[in-house]
There are 2 protein chains.
Amino acid sequence: MELDQIIDNIYPLTTKSKDLIKASIIEVKFSKGHILFKANKIEKSIYFIKKGIARAYAYSDDNQITFWFGKEGDPIVSMQSYVNNQKGYEDVELLEDCELYELKMEQLQKLFLEDIHIANWGRKFAELEIIKSEKRLISLQFENATQRYLALLNNYPSLLQRVQLSHIASYLGITQISLSRIRANVK
Amino acid sequence: MELDQIIDNIYPLTTKSKDLIKASIIEVKFSKGHILFKANKIEKSIYFIKKGIARAYAYSDDNQITFWFGKEGDPIVSMQSYVNNQKGYEDVELLEDCELYELKMEQLQKLFLEDIHIANWGRKFAELEIIKSEKRLISLQFENATQRYLALLNNYPSLLQRVQLSHIASYLGITQISLSRIRANVK
DNA sequence: TAGCGTTTTTATCATTTGTTAAATGGTTTC
DNA sequence: GAAACCATTTAACAAATGATAAAAACGCTA
């Protein structure tokens, strides 16, 4: 997905303000398997996915638990770093060769204080992340694993072709064996 | 909790900007049991709790499932209304006699476009809500019911004295009977 | 395409959680 | 203070999920 579209989908900006953001963005490429964010580290950038797919995970005992998937157009953010300038608790792994837009937080924070339109863009960016997070919360609390599985496929139609089932199972909060049983029943 | 402290805890403002926000806020009182937000309605205000405690719930089949508790200092927001001007899916019930600060969204939205400090205050407000939401997500996905129960009591020490166990059980994503079993083991 | 390593499914059994019903404990009201 | 009501706990059984191990399917490489 192209940069202009990603920025405008969050909050429409004048050309002038958009150019200020774009001047702080560079395009970067990484290979499949690259670890973009490391847990217990303060991240200095946020990213937007131009092409590819990624996941965030953390460890519970020795198990990796995936709690986020990102696809084209989605932001990749360590919220603890972005909001509080503190260490994050997640690794982010790229699941395919990826093209990303990188935005340095320091420059963005400066723009927030200088340009009211960009401040409102940043406000809207955060608000949209709340909505995503709230939807996920409600899905975890109100739906059973089968419903969550079907909803996930609905949101990310190509996910099954791009991500291994063990990651999907941990995202759903169940074991891979339970996911197999669900798939056997749903088919 | 007093209004100045609530506003400043989100993001420190100059007196001038803070007065603009405060000019849009009125104090209101409601009795225990009052339904502040109704599901499937576009809410026009957000609130901050000066005194009291509240919960948000939605229905799954015929069961009320509580998914949020708010106490002194917390905001009460229907995010779907606040962010997208769309109908919310939750009721909010006051669990005690409450004193609230009411802030009309329409006036706040106007201030966002006129005052860059208030725009950044609104940005920070949303960002802090993301952090809360993310913590809750991680607790739901990474911790078992016993751990979540203990963490909830830790965050809201007086909750047990103020809220009935059936609400706590549904918040934890378990039945009230399971919660009884947990409490029998933890004691 | 044969072989090897990885991913996914299946089977079995143990554990946890849910369901239903009944018992206990507390509070309010007349 | 007895009756009625509500919240909470306990008990017994059913259903769902987890753990472990093994088999099957898949994908890559030589």
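Fair warning: this is a prediction, and the values are worked out from it, not measured in the lab. Throughout, a chain's letter reflects where its sequence line sits, starting with A, and its residues are numbered from 1.
- Put simply, CD1 on Ile177(B) is 17 Å from P on dA14(D), counting in whole angstrom units.
- Note: CZ (Arg148(A)) to C1' (dT17(D)) measures 12 Å, nearest angstrom.
- Heavy-atom distances under 4.0 Å link DNA chain C to Gln164(A), Leu165(A), Ser166(A), Gln176(A) of residues 159-176 of chain A, given in residue order.
- For Arg183(B) and dT9(D), the shortest distance from a side-chain N or O to OP1 or OP2 is below 4.0 Å.
- Side-chain atoms of Tyr57(B) and Glu93(B) form no donor-acceptor pair, as typed in the model, at a separation below 3.5 Å.
- Between Ala145(A) and Leu179(B), the residue anchored nearer the 5' end of DNA chain D, judged by the nucleotide with its closest heavy atom, is Leu179(B).
- A donor-acceptor pair shorter than 3.5 Å can be found between the side chains of Ser24(B) and Gln107(B).
- Between the P atom of dT20(C) and the CG atom of Asn63(B) lies a distance of 11 Å, rounded to the nearest Å.
- No side-chain donor from either of Ser166(A) and Gln176(A) sits under 3.5 Å from a side-chain acceptor of the other.
- Note: CD1 (Ile182(A)) to P (dA15(D)) measures 18 Å, nearest angstrom.
- With respect to the salt-bridge test (charged N to carboxylate O, under 4.0 angstrom), the residues Lys44(B) and Glu106(B) do not qualify.
- Look at Ser178(A) and you'll find a side-chain N or O under 4.0 angstrom from OP1 or OP2 of dG18(D).
- Annotation: cation-pi pair Arg136(A)/Tyr171(A) present, NZ/CZ under 6.0 Å from the ring centroid and within 45° of its normal.
- When the P atom of dT17(C) is taken as reference, atom CZ of Arg181(B) falls 8 Å away, rounded to whole Å.
- Criterion: ILVMFWY side-chain heavy atoms under 4.5 Å apart, direct or through other members. Under it, Ile46(A) and Phe112(A) are part of a common hydrophobic cluster.
- Closest contact between the side chain of Ala184(B) and the listed nucleotides dA21(D), dT10(D), dG18(C) involves dT10(D).
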